[in-house]
2 protein chains.
Amino acid sequence: MKQKKSNESIECSKSDLMAVKDALEVLNGRWKLQILISLLNGKKRFKQIAREIDGISDRMLSKELKDLEENKLINRQVYDAFPPIVEYTATEHTETLHSVIYALREWGYIHRKKIIGK
Amino acid sequence: MKQKKSNESIECSKSDLMAVKDALEVLNGRWKLQILISLLNGKKRFKQIAREIDGISDRMLSKELKDLEENKLINRQVYDAFPPIVEYTATEHTETLHSVIYALREWGYIHRKKIIGK
DNA sequence: CTGGATCCTCAGGGATACTG
DNA sequence: CAGTATCCCTGAGGATCCAG
């Protein structure tokens, strides 16, 4: 993918840019990563996720979950019961997001210190 | 509320979630990361960036650059000349984004292979 | 409980024209 | 060249109601 410049590797190629754009496209919006993080902590039911994520509406959660399922980032398991039980779980593919989440979290802390926290 | 899987650490705390949200807030939209990646490759003038990033309008570029400057993610240097010359550069703070960009890029490749490329 | 269906709002973003 | 000013539209996302 990339070559080094003395000591720092710099993003450069069109192909790299495309990859970043692809990633952002899948993870876009305010909710997807929050949902995935929540599920990386263990299987959850619909209402559980809704309660955990501050401010999300049922409608958005439903839509985002469908999106994520299409991208193989979550599994949806339906149990035939009443009241209905649906469990969502992360997939092996979700696990590959760990480094992204980790990097964003670290940077979030750095940035907060830099801009807000001083 | 945490279940470990053998060897991986899992995101969990409220504070971590906040950090990720903060990061996403600063980097949101389709353009900011593309602009930053472009500038991490070296100083650029307005039109240069506009030409490099496919599909961005002058208006958006202008707005995003202002945003990024407020977040100390770019420097804006104006030279008194005609025609006007304005150069944008990455900052030290931008450098801290490297791991984020790197992670997103890697994941973009992985995801493409998983979903599209098969 | 799990969502689908509807309706509505608003900000993100495109197009174009214009200024210093 | 480096933007600003307008106008407009689309789509993300909220609120509410309803059904299985």
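The chains referred to below are lettered A, B, ... by the order of the sequence lines, with proteins before strands, and numbering in each begins at 1.
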Note to self: Distance check needed: C/dT2 P versus A/Glu87 CD, whole Å only.
What the structure shows: 10 Å
Next item on the list: Send over the distance from B/Asn28 CG to C/dG13 P, rounded to a whole Å.
Entry: 8 Å
Next item on the list: Give the nucleotide from the list C/dC1, D/dA12, D/dA5 with an atom nearest to the side chain of B/Arg59.
Entry: D/dA5
Note to self: Under 4.0 Å, heavy atoms only, any strand: does A/Tyr88 hit a base, just the sugar-phosphate, or nothing?
What the structure shows: sugar-phosphate
Next item on the list: Round to the nearest Å and state the distance from B/Leu61 atom CG to D/dG3 atom P.
Entry: 8 Å
Next item on the list: For residues A/Gln34 and B/Val20, determine if any side-chain heavy atom of one lies less than 4.5 Å from a side-chain heavy atom of the other.
Entry: no
Notebook entry, point to check: If you check the A/Trp31 side chain, which of C/dG3, D/dG14, D/dG3 turns out closest?
Noted result: D/dG14
Notebook entry, point to check: Atom CG of B/Asp80 and atom P of D/dG3: how far apart are they, to the nearest Å?
Noted result: 14 Å
Notebook entry, point to check: Quick one: is D/dG14 close enough that its OP1 or OP2 comes under 4.0 Å of any side-chain N or O from A/Arg30?
Noted result: yes
Next item on the list: Could you tell me the separation between the CD1 atom of A/Ile56 and the P atom of D/dA12, rounded to a whole number of Å?
Entry: 14 Å
Check: Mind checking whether A/Ile53 and A/Leu40 sit in one hydrophobic cluster, side chains of I, L, V, M, F, W, Y counted as touching below 4.5 Å?
Finding: yes
Next item on the list: Over 60° means perpendicular and under 30° means parallel, so classify the ring planes of A/His93 and B/His111, tilted if in between.
Entry: parallel
Check: Mapping A/Lys32 and A/Pro83 onto DNA chain D by nearest heavy atom, which one lands closer to the 5' end?
Finding: A/Lys32
Margin query: Considering every strand and a 4.0 Å limit on heavy-atom distances, what is the contact class for A/Arg45: base, sugar-phosphate, or nothing?
Written below: sugar-phosphate
Note to self: If I take atom CG in residue A/Leu68 and atom P in nucleotide C/dG3, what distance separates them, rounded to the nearest angstrom?
What the structure shows: 13 Å
Check: Below 4.0 angstrom from OP1 or OP2 of C/dG4, is there any side-chain N or O of A/Lys66?
Finding: yes
Next item on the list: Verify the contact: side-chain N or O of A/Ser57 to OP1 or OP2 of D/dA15, cut-off strictly under 4.0 Å; return yes or no.
Entry: no
Checklist line | Closest nucleotide among D/dC1, C/dG13, D/dA12 to the A/Lys63 side chain | finding: D/dA12
Notebook entry, point to check: Taking only side-chain nitrogens and oxygens of B/Ser62, does any of them come within less than 4.0 Å of OP1 or OP2 of D/dT4?
Noted result: yes
Check: Can you tell me how far CD1 of A/Ile37 sits from CD1 of A/Ile101, rounded to the nearest 0.5 angstrom?
Finding: 4.5 Å
Margin query: By nearest heavy atom, map A/Pro84 and B/Gly29 onto DNA chain C; which one lands nearer the 5' end?
Written below: A/Pro84
Item checked: Length of the line joining B/Ile49:CD1 and D/dA2:P, which is rounded to integer Å -> 9 Å
Item checked: Nearest heavy atoms of A/Val100 and B/Ala103, plus distance in Å -> CG2-O, 3.5 Å
Next item on the list: For A/Asp58 and C/dC7, give me the distance from atom CG to atom P, rounded to whole Å.
Entry: 19 Å
